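For reference, the structure is listed below as structure tokens.
These numbers were taken from a predicted model, which means no experiment stands behind them.
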Amino acid sequence: NIAQGKYVICAHLNQPPAAIQSNAQTIAVDSCYPGPLQAGATSAMLVAAGRENKVDFTLNQVLPVHVRGTISGLPEGRGIGVNLVHRDINADFRGNVPGAVRNNNFDFRVAPGSYMLTADYFEAGKRLTARVPIDAGSADIDNVAVHLEAGFSVSGVVQVVSQSEDSPALPQFGMMLRPEESVNSTSQMKWDSDHRSFTLNEMVAGNYRLQVFPPASFYVKSATLGGQDILNSDETIAPGAGPIVVTLRDDGGSIEGDVVDSSGQSAVAGVMLVQGTRATTVNVPPSGHFKIPNVGPGDYMIYAWDDPTQVQYSVPEWMRRYAGGGLPVSVSSGQNSQVKLTRQQAPE
């Protein structure tokens, strides 16, 4: 019951903390087929509909390395746990390596690899955190300094430019900071009553990208952090950063059209509208007809794919090589642009 698609199949040995931190001479490492997780789709295997695959694994044993250090900033007399979390695209699958702090010291025994050392302390509404990247090779790592710090806040405002009203009311809408590191969870966003300003509390320093889901009739014109674009790329957010300024406009146009397959028949597809490194995708029903509303004025490329999840739209070389079936489309304020697309197959 696996959906057709491309997969990397991995085996991971679930070991209790006592086994991980024991004095065993070797430690088991994950095994993946047909290639490592870090390679992503380039090392994935195609699982076709109706086919059965057989994969055997051997979990190799390697010499572990020590990661030792001290932790500071903890309230006196309090204890805390620390973890080494794998830094890759499937960190949740691989779990983490827990460790104990004794007299403010810790000592991990782990397989070589890339990790993030995490520590989190909660008490009576107070949160202290620490994040330290660890690249473990063939030699032990000593004297890692981990300092717990309180989370910080980042403020922001929403600017609205409307054709019809000087100051239109805004319903609450979705917005979040997506962390580059999976260990940095999304912070809590607190809005003011008119949804024109907000505060992100309990932030942990790291790289983030803003995602905005504007209310109906509006599109996102821009989003900046201290003057830097945070909508199209990851930006570092640390104490003192800000403010975030999000600009919404309601002078957009729309794109409407039909999708056909290679034989000219109406086709199910994923229509992708691309401008730079930003993309909007809509699902097209069997009728082949679609409409994308609230599109900011400008020039775009539009594509119809059989599987848009396989499309690397932000990689120019990939697009030049595989995305020859797209069409340029211009959007003007208040206008509806018409297109007819032929569905193309994303490469395996």
Side-chain angles (χ1 to χ4, degrees), residues 116 118 120-122 125-131 133 148-253 273-281 292-298 300 313-314 331 333:
M116 179 70 76
T118 72
D120 292 274
Y121 172 83
F122 298 90
K126 181 179 182 180
R127 182 189 185 194
L128 300 174
T129 63
R131 302 286 186 267
L148 290 164
E149 295 181 335
F152 59 93
S153 298
V154 176
S155 62
V157 296
V158 179
Q159 299 177 343
V160 180
V161 180
S162 175
Q163 299 181 104
S164 56
E165 299 179 59
D166 291 336
S167 183
L170 279 181
Q172 186 166 335
F173 59 95
M175 185 157 53
M176 64 176 290
L177 281 174
R178 188 187 69 191
E180 184 181 64
E181 295 282 356
S182 60
V183 294
N184 291 341
S185 59
T186 301
S187 62
Q188 184 178 4
M189 180 175 289
K190 183 177 181 180
W191 288 91
D192 70 348
S193 57
D194 63 0
H195 308 121
R196 294 300 183 92
S197 63
F198 57 88
T199 303
L200 291 154
N201 298 310
E202 300 295 340
M203 289 287 298
V204 176
N207 292 331
Y208 296 83
R209 182 177 301 195
L210 188 68
Q211 293 182 317
V212 184
F213 308 95
S217 79
F218 288 94
Y219 67 91
V220 184
K221 175 63 177 177
S222 64
T224 60
L225 170 72
Q228 298 297 314
D229 179 21
I230 195 175
L231 201 60
N232 300 306
S233 60
D234 294 328
E235 289 294 326
T236 300
I237 300 182
I244 294 174
V245 180
V246 178
T247 301
L248 305 180
R249 297 182 66 103
D250 64 357
D251 61 346
L273 185 65
V274 179
Q275 187 181 54
T277 59
R278 295 170 62 183
T280 300
T281 302
I292 309 175
N294 308 320
V295 180
Y300 300 82
Y313 62 85
S314 62
V331 177
S333 177

Discussion item. Check this for me, if you would: do R249 and D251 make a salt bridge, where the nitrogen-to-carboxylate-oxygen distance has to be below 4.0 angstrom?
Written reply: yes

Does the side chain of [X] come under 3.5 Å of the side chain of [Y] through a donor N or O and an acceptor N or O?
| X | Y | value |
| --- | --- | --- |
| D192 | S197 | yes |
| T224 | D229 | no |
| S153 | N201 | yes |

Which atom of [X] lies closest to which atom of [Y], heavy atoms considered:
| X | Y | answer |
| --- | --- | --- |
| G252 | Y219 | N-CE2, 3.5 Å |
| A241 | I237 | CB-CG2, 4.1 Å |
| A205 | A238 | CB-CA, 4.3 Å |
| M175 | F213 | N-CD1, 4.3 Å |

From [X] atom [atom1] to [Y] atom [atom2], the distance as rounded to the nearest 0.5 Å:
| X | Y | atom1 | atom2 | result |
| --- | --- | --- | --- | --- |
| L148 | T129 | CG | OG1 | 7.5 Å |
| L210 | E235 | CG | CD | 11.0 Å |
| L225 | L231 | CG | CG | 12.0 Å |

Discussion item. Given 3.5 Å as the limit, does a donor-acceptor pair link the side chain of D250 with the main chain of Q163, or not?
Written reply: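 Present.
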
Item to complete: Check whether any side-chain N or O of R131 sits under 3.5 Å from a backbone N or O of V204 as a donor-acceptor pair, and report yes or no.
Response: no

Of [options], the residue whose pairing with [X] passes side chain to side chain contact (heavy atoms under 4.5 Å, CB included):
| X | options | value |
| --- | --- | --- |
| F218 | T247, V212, V158, L170 | L170 |
| I244 | T199, L200, V157 | L200 |
| Y208 | R178, E180, M203 | M203 |

[X] vs [Y] side-chain heavy atoms within contact, under 4.5 Å:
| X | Y | answer |
| --- | --- | --- |
| K221 | V161 | no |
| V160 | R196 | yes |
| N232 | S314 | no |
| T280 | V295 | no |
| F198 | W191 | yes |

